[in-house]
Amino acid sequence: MQAIDIEHLSKTYAGGQKAVRDLSFTFGEGEVFGFLGPNGAGKTTTVKLLTGMLTPTSGRCRILGIDPAAQPEQVHALCGVVTEHAQMYDTLTGLENLQFFASLYGTGPEQSLARAREVLQLLRLEDAADQKLATYSSGMRQRLSLARCLMHRPRILFLDEPTAALDPESVQNVNQLIQNLAQSEGITIFLCTHQLRYAQEICTRYGLMSHGRLLALGTLNELRARLFSHSTLRIRASHIQEAPQALKPDADGCFTMPIACEEKVPEVVRQLVQSGAHIYEVEIIRPTLEDIYFSLTKER
Ligand SMILES: Nc1ncnc2c1ncn2[C@@H]1O[C@H](COP(=O)(O)OP(=O)(O)O)[C@@H](O)[C@H]1O
Ligand SMILES: [Mg+2]
C-alpha cells in the first residue's frame, strides 16, 4: 500500500482560483517527500486535501488507503500536521501544552505524561519541559509543535513550511530532527517548502510544483539526469602547461570543464599532473534543486 496516492486531484476555490490542477503521484512509506514550489504553487491546498480539511473539486486521494474526504477522523488518527505558526498556549509549560493537546485526542493524563516526556526528549526539549511557552525561542516553539504532532504516534507527518519563520541555525536544527524522525521512528514525511536549499539536505524524493501543476517528480539524481547531461568539474591548480581543451579559467582563478560522468575526473587529473601542474583542489559541482527548478520553469 502507498503512503500517499493521488489521482487527477484538482481544487478550484469558490472564487474561481484553480489552486491544484490535475495532480497525480504516489509514494511509499518511509520517504521524506519534498513538495516544493514558490508561494501560491498549491502546496498548502494539497495538504488540506490530503488531510480532509478541503474536499477535491475533482479527482481523488488516499492516505494509507483511506479517502480523507470520506473518512477524515481515520486519516487524522494516522497523520500529524505542523504549520508555519502553530498556536499553543504561552501561559502553559511545554509539557502542559503537550498534555492538553493529547487530552483532545482522548489520551488519559498518565499515558500522555509518559509520551510527552518521550517526545520532548526526541526533540531535545527535555530541559525546557517545565518552562512556560512564553519563554521559548521560535526554534523551540517549532520543535514543540513537532512534538505535539507526534503525541498520537502518527505514521505520516505533514510539515507545511515548518522552518519558514526560523533563523538559519534553527532551520538546520529542525531539519536534522525531521531527518531523525524519518530514520529512527520510521515516520513518512510530506514536507512542503519554498526553501529548496534546505529541502535538498533532507528529502529522499521530490515533487516540484508551479501554479497548481506538478512539473517533475523523482529523486535528486533522477531529476538531475533528466534535466542536465553534465556536471561541472572545478579544479584549483597552478603551473598548468598542458590541459584538456575544455578546461577553461573561471572568474575565481580556478579552472572548470563540463563532465558527463565522474569517471572523467581521474583522467583529467592524471593528464594535469603528468604535465607538471600543481593541484590543490578538485570538486564536482552537481546541479542543485534550485538549478533543476529554474531549468524546469524556463523549459515551460
Ligand atoms: N481559501 C482560499 N480561497 C481562494 N483562493 C485561495 C485560498 N487559499 C489559497 N488560495 C489560492 O490558491 C493558490 C494556491 O495557494 P496555496 O495552496 O496556499 O499555495 P502555497 O501553499 O504553495 O503557497 C494561490 O493562488 C492562493 O492565492
Ligand atoms: Mg503554503
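Both ligands and their constituent atoms are indexed starting at 1 by order of listing. Counting begins at 1 with the first residue of the sequence.
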- Task: Could you tell me whether Arg141 and Asp90 have a side-chain N and a carboxylate O separated by less than 4.0 Å?
- Result: yes

- Side-chain donor-acceptor pair under 3.5 Å between Asp291 and Thr288, yes or no? yes

- Does any N, O or S atom of Thr45, backbone or side chain, fall under 2.8 Å from the Mg ion (ligand 2)? no

- Item | Parallel, tilted or perpendicular: rings of Phe190 and Phe25 (30°, 60°) | parallel

- Query: Do Lys264 and Glu267 meet the salt-bridge criterion of a basic N to acidic O distance under 4.0 Å?
  - Reply: yes

- Thr204 side chain vs Val32 backbone, donor-acceptor pair below 3.5 Å: yes

- Near ligand 1, which residues have a heavy atom under 4.0 Å away from one of its atoms? Tyr13, Gln17, Ala19, Pro38, Asn39, Gly40, Ala41, Gly42, Lys43, Thr44, Thr45

- Task: May I ask you to check if Arg205 and Phe27 form a cation-pi contact, with NZ or CZ under 6.0 angstrom from the six-membered ring centre and within 45° of the axis?
- Result: no

